[in-house]
Protein chains: 2
Amino acid sequence: MKNSSLYKGSLNTIIMKLLEEKGRMYGYEITQKVKAITLGELNITEGALYPALHKLEAEGLLEVEVEKVDNRLRKYYKLTEKGNKETVNRLAELEEFIKNMQNIVNPKLSY
Amino acid sequence: MKNSSLYKGSLNTIIMKLLEEKGRMYGYEITQKVKAITLGELNITEGALYPALHKLEAEGLLEVEVEKVDNRLRKYYKLTEKGNKETVNRLAELEEFIKNMQNIVNPKLSY
DNA sequence: AATTTATACATAAGAGTTTTATGTATAAGA
DNA sequence: TCTTATACATAAAACTCTTATGTATAAATT
């Protein structure tokens with residue numbers, strides 16, 4: 001688990017973006033997808049993921065559908081209408097954040 | 001102060017990158033420079049900055065030179081040799097992080 | 001002349017997020 | 001049979017940052 005501290009604070013945005021794209025996902029699926037996208041670099045821990053999902057649900061940004069697959073429980077999460085709107089904002093913030101960090105790493109002459 | 005939570009965990013990297021570039025800077029100068037680069041979006045609070053500088057110094061990554069300018073105290077920080085080496089690593093991590101986040105926001109077909 | 005803003009440092013309490021550790025349970029693979 | 005993978009969950013501790021507060025000088029505004 002190489003997780004540098006840089007990922008701190010980005011978990012909610014990651015979850016919401018993946019749900020926006022995929023429609024619905026369950027917790028374990030999210031961890032595997034993130035691991036795949038980051039080529040194993042980012043491993044979301046369960047201790048971070050499940051409380052985050054519960055909080056987003058409590059805030060009315062996600063809703064859950066419980067299903068039993070292969071005799072195992074799955075909790076599928078999807079964005080609510082409110083969650084969809086909020087995701088737009090979060091992604092805009094993320095784009096700004098990335099731009100700002102790139103400007104710091106690779107400064108334009110003039111600052 | 002709009003500081004989205006995305007910036008959490010990036011303060012040390014920002015400080016080290018700026019010092020690598022500028023040679024030496026004092027705390028207040030760092031806050032102003034970051035505000036300028038991010039067009040006012042990221043305002044580093046003193047409660048975050050000063051403890052961070054002290055910690056980096058305690059870790060041997062920064063060293064300090066105190067000077068009095070216009071009858072006001074300034075503490076100039078610069079990277080130590082150890083700090084220079086560590087900065088290379090932190091910047092590599094930052095580049096990876098940015099790439100990974102971009103892959104999440106703008107996914108390549110195939111995941 | 002008095003008040004506010006800017007410069008320049010600092011720390012403590014509280015909030016928020018994540019890691020680490022632990023727990024339960026089923027299915028698949030070695 | 002034992003380990004790994006799947007799938008959820010929570011509590012304690014660690015870490016980082018915000019908010020609030022404090023000191024002090026200089027410059028700008030009212």
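The structure displayed is predicted, hence computed values, not measured ones. What's counted below: heavy atoms across the whole structure, side chains too, no hydrogens, waters or symmetry copies. All chains are named by letter (A, B, ...) in the order of the sequence lines, taking the proteins before the strands, and each is independently numbered beginning at 1.
- In this structure, A:N71 contributes its side chain and A:K68 its backbone to no donor-acceptor pair below 3.5 Å.
- Here D:dA5 presents its C1' atom at 9 Å from CD of A:Q32, a figure rounded to the nearest Å.
- Residue B:L73 is the one, among B:L73 and A:L11, whose nearest nucleotide of DNA chain C lies closer to the 5' end (criterion: closest heavy atom).
- Under the rule for a salt bridge (charged side-chain N to carboxylate O under 4.0 Å, His left out), the partners of B:R90 that lie at least two apart in sequence or sit in another chain are B:E86.
- Residue B:K8 has no polar side-chain atom (N or O) positioned under 4.0 Å from OP1 or OP2 of D:dT18.
- Distance CG (B:N43) to P (D:dC17): 15 Å, rounded to an integer number of Å.
- In this structure, B:G47 reaches the bases: a heavy-atom distance under 4.0 Å links it to at least one base atom across the strands shown.
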Extract all donor-acceptor atom pairs below 3.5 Å that involve side chains of residues 7-19 of chain B and protein atoms in other chains or at least two apart in sequence.
residue, atom, partner, partner atom, Å
B:Y7, OH, A:N100, ND2, 2.9
B:S10, OG, B:Y7, O, 2.5
B:K17, NZ, A:V105, O, 3.4

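- Remark: B:R74 is in phosphate contact with C:dA8, judged by side-chain N or O atoms under 4.0 Å from OP1 or OP2.
- Rounded to whole Å, the distance from CD on B:E29 to C1' on C:dC9 is 15 Å.
- In this structure, the salt bridge (charged side-chain N to carboxylate O under 4.0 Å, His left out) partners of B:E29, at least two apart in sequence or on a different chain, are B:K22.
- Remark: A:N71 is in phosphate contact with C:dA27, judged by side-chain N or O atoms under 4.0 Å from OP1 or OP2.
- Shown for residues 52-70 of chain B: residues whose heavy atoms fall under 4.0 angstrom of DNA chain D, namely B:K55, B:D70.
- Nucleotide D:dA7 holds its C1' atom 11 Å from the CG atom of A:L49, rounded to whole Å.
- Atom pair A:L6:CG and C:dT19:P shows a separation of 12 Å (rounding to whole Å applied).
- By the salt bridge (charged side-chain N to carboxylate O under 4.0 Å, His left out) test, B:E65 pairs with B:R24, B:K78, sequence neighbours left out.
- Residue A:Y50 places none of its side-chain N or O atoms closer than 4.0 Å to OP1 or OP2 of D:dA9.
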Distance-only check: which donor-acceptor pairs under 3.5 Å involve side-chain atoms of residues 49-62 of chain A, not counting sequence neighbours?
residue, atom, partner, partner atom, Å
A:H54, ND1, A:Y50, O, 3.3

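- Not one side-chain nitrogen or oxygen of A:T45 sits closer than 4.0 Å to the OP1 or OP2 atom of C:dT18.
- Atom CD in A:E46 sits roughly 12 Å away from atom P in C:dT19 (whole-Å rounding).
- The distance between atom CD1 of A:I30 and atom P of D:dA7, rounded to the nearest whole Å, is 13 Å.
- Residues B:I98 and B:Q102 are in side-chain contact: their nearest non-hydrogen atoms beyond the backbone lie under 4.5 Å apart.
- Positionally, the nearest nucleotide of DNA chain D for A:G27 lies more toward the 5' end than for the other of A:G27 and B:A48.
- Grouping the Ile, Leu, Val, Met, Phe, Trp and Tyr side chains by contacts below 4.5 angstrom, directly or via other members, places B:V64 with B:I44.
- Taking atom OH of B:Y7 as the reference point, atom C1' of C:dG16 lies 18 Å away to the nearest angstrom.
- In this structure, B:R72 does not reach the D:dT25 phosphate: none of its side-chain N or O atoms is under 4.0 Å from OP1 or OP2.
- Taking 4.0 angstrom as the limit, B:Y26 places a side-chain polar atom (N or O) nearer than this to OP1 or OP2 of C:dA8.
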